[in-house]
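Input: a single structure, listed below in structure tokens.
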Amino acid sequence: MFVILPRSQGPVLGVEISGKIDIDQERNLIDQAEQLIKEHDKISVLVVLGDHVGISLEAVAADIKWILTHMAHLNKIAIVTDSKMLAALIAVDATFAKVVGIQEKHFDKDEIETAWHWIES
């Protein structure tokens, strides 16, 4: 399940994800991101991951396909999680994201305010 965070505004989309994301939820989230792209061209996304997040294989495939076809419209991505494993993966991914002009950073959950300031700047 995902919830759009109330601080989302303009070209910034904040999302909190908990539980399992299925393909219908992924499509809904993609639709919201595409609407922002129509309005602002480039968007930034802040994602807060809950402790027990899962995603269906079909949703993962849709997410990867969408990101690969919309990279030019992504400015910043902030991932907020206390998972050390995800933090390491984000650090690796950030290197590749930088090559295509996307800034990507990991923040611990107690740094949520810092993450918002970074994504909004």
How close do [X] and [Y] get, heavy atom to heavy atom, and via which atoms?
X   : Y   : value
S56 : D22 : OG-CA, 3.9 Å
G14 : S8  : N-OG, 2.7 Å
V92 : F96 : O-CD1, 3.4 Å

Practice prompt. Decide whether I23 and I17 are clustered together by the hydrophobic rule: side chain heavy atoms of Ile, Leu, Val, Met, Phe, Trp, Tyr closer than 4.5 Å, transitively.
Written response: no
Practice prompt. Find out if a path of hydrophobic residues (ILVMFWY) with successive side-chain heavy-atom gaps under 4.5 Å connects L89 to I64.
Written response: yes
Worksheet item: Does any pair with a residue in residues 25-49 pass salt bridge (charged side-chain N to carboxylate O under 4.0 Å, His left out), and if so which ones, sequence neighbours excluded?
Response: D24-R27
Practice prompt. Hey, could you give me each pair passing salt bridge (charged side-chain N to carboxylate O under 4.0 Å, His left out) that has a residue in residues 4-13? Not counting sequence neighbours.
Written response: R7-E113, R7-E120
Do [X] and [Y] come within less than 4.5 Å of each other through their side chains, counting heavy atoms only?
X   : Y    : answer
H52 : S18  : no
L68 : K65  : no
Q32 : I4   : yes
D93 : E104 : yes

Discussion item. Test of understanding: with side chain to side chain contact (heavy atoms under 4.5 Å, CB included), list the residues that count as partners of H40, not counting sequence neighbours.
Written reply: P11, L36
Discussion item. For the CG atom of D108 and the CD1 atom of I79, what is their distance to the nearest 0.5 Å?
Written reply: 13.0 Å
Item to complete: Would you give the length of the straight line joining atom CD1 of I90 to atom CG of L49, rounded to the nearest 0.5 angstrom?
Response: 7.0 Å
Response to the item:
Applying ring-ring contact (aromatic ring centres under 6.0 Å, His included) to F2 and not counting sequence neighbours gives none
Worksheet item: Only one of N75, I77, L74 forms a side chain to side chain contact (heavy atoms under 4.5 Å, CB included) with I43, so which one is it?
Response: L74
Discussion item. Is it the case that the side chain of H106 and the backbone of A78 share a donor-acceptor pair, with hydrogens and angles ignored and the cut-off at 3.5 Å?
Written reply: no
Worksheet item: What is the ring orientation for H70 with H73, classed by angle as parallel under 30°, tilted 30 to 60°, or perpendicular over 60°?
Response: tilted
Worksheet item: Who else is in the cluster with V3 when I, L, V, M, F, W and Y are joined by side-chain contacts under 4.5 Å?
Response: M1
Discussion item. Starting from L46 and following side-chain heavy-atom contacts under 4.5 Å between hydrophobic residues (I, L, V, M, F, W, Y), which residues can be reached?
Written reply: L5, V12, V48, V80, F107, I112, W116, W118, I119
Worksheet item: Going through the checks in order, is the side-chain contact (heavy atoms from CB on, under 4.5 Å) test met by S44 and Q103?
Response: CA-CA 9 Å; S44 295; Q103 297 177 60; over 6 Å; no
Worksheet item: Salt-bridged, D51 to K109, with N to O below 4.0 Å?
Response: yes
